[in-house]
Amino acid sequence: MMYGVPFNRPTIVGKELYYISQAILNGHSSGDGGFTRQCHQLLESSLGVPKALLTTSCTHALEMSAILLDIQPGDEVIVPSFTFVSTVNAYVLRGARPVFIDVRQDTLNLDETRLEGLITPRTKAVLPVHYAGVGCEMDSILEVARRYGIAVVEDNAHGLFGKYQGKYLGTFGDLATQSFHETKNFTCGEGGALLINNPAYIERAEIVREKGTNRSRFFRGMVDKYTWVDIGSSYLPSDILAAFLYAQLEARDQIQEKRKRIWDTYYRELYKWGESNNIRLPIIPENCEQSYHMFYMLMPSLDLRQSLIAYLKERGILAVFHYLPLHLSDMGRKLGGEPGDCPVTESVSDRLIRLPFYNDMSEDDQALVIDSIRNFKLS
Ligand SMILES: Cc1ncc(COP(=O)(O)O)c(C=O)c1O
């Protein structure tokens, strides 16, 4: 079905197609060409991270993180059940056992007060997901992780350029992962990045990303031939994708401004309606600057969530929901997940609705969504 107001629509800010032609004319359209390097430099200097490496997806950046942490069968990793499957799957691929942690009622981020109670001698890592680009309570997460000697990997798929305590998301953990999938603020269709804050991982990350070879060192003239030195895979994107992405990252202020306007309009226009109908809008704590990645609402019940989605669909508007609790998925149940393990996750997952949100959403399209929602009969 064609929607008058889709959930997401990819957009061009300006130089994307020109840069793609440049990538080809430069004679280096495979990975790690000039545009990839420019993306790395832009991410490193704007965020202040020691090393950024583009990857083919956030999923692949997460897989790289699990390899770099040397995750072995039987190791445990603490992950929210309320996340995308890749946060967990990347670690299960290496034989880890996920230990699911519930989320906070307000931000839907992992509940840091439960973290310490889930740590065992086998715990290797915790994966805070900055849901909707609103920062997790990194101060206490880092304090607990340091005390127990476990690694922190931020899944920052939603949160590029968001901040916690005035510092960019993705700069707190040993490692952090970004997504440039079509639905994200900045995109190249499919893409991602690994941010490396702990320099001890840099050299091996380059090897793992280049099929387990020391090719990056060879290109820098540090070795006279390259060879197979470790496990790895092909995690680097084509420079054609990096060219598209670079144009988007260069226009980051313009993109973020547009998204802020859309988010603020939803909030301003739906706040009172939400309050009088027991519908909760996002909560942004004082110490967080969000990334304006998504606008969601928490409905009073599953029935009302489903009927609002169906009602909007009749009006040509696509609204969606996510995430199904991972501990209750087929795979999660095989790994021992039981109903009741993460009660906040289970409740939120039934009631959350995400509204259409894309960079060049017109005022008319947004007004249609808002008016339709306000006219929805809740009883
Ligand atoms: C929290 C989170 N992590 C990871 C991913 C995976 O990203 P990608 O599609 O770039 O692999 C997503 C995808 O939307 C996500 O929402």
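Computed from a prediction, not measured in an experiment: that's the story for all the values here. First listed ligand is number 1; within each ligand, the first listed atom is number 1.
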> What residue pairs, at least two apart or across chains, pass side chain to side chain donor-acceptor pair (under 3.5 Å) with a residue in residues 336-353?
Replying inline: Asp102-Thr345, His327-Glu346, Ser347-Arg351

>> Check whether Asp155 reaches the backbone of Ala157 with its side chain - one donor and one acceptor, N or O, closer than 3.5 Å.
In response: yes

>> Show me, by chain and number, every protein residue that has a heavy-atom distance under 4.0 Å to ligand 1.
In response: Ser57, Cys58, Thr59, Thr83, Phe84, Thr87, Val129, Asp155, Ala157, His158, Ser179, His181, Lys184, Gly191, Tyr323

> Does atom CD of Glu143 have more than 12 heavy-atom neighbours, drawn from other residues, nucleotides or ligands, at distances under 6.0 Å?
Replying inline: yes

> Pairs in or reaching into residues 287-315: which pass side chain to side chain donor-acceptor pair (under 3.5 Å), with residues at least two apart or in two chains?
Replying inline: Glu137-Asn287, Asn185-His293

Tell me which donor-acceptor pairs under 3.5 Å the side chains of residues 58-67 have, and how far apart each pair is, sequence neighbours excluded?
residue: Thr59; atom: OG1; partner: Ser86; partner atom: OG; Å: 2.8
residue: His60; atom: ND1; partner: Thr56; partner atom: OG1; Å: 2.7
residue: Glu63; atom: OE1; partner: Tyr235; partner atom: OH; Å: 3.2
residue: Ser65; atom: OG; partner: Leu62; partner atom: O; Å: 2.6
residue: Ser65; atom: OG; partner: Tyr91; partner atom: OH; Å: 2.7

>> For Lys211, is the NZ atom crowded, meaning more than 12 foreign heavy atoms sit under 6.0 Å from it?
In response: yes

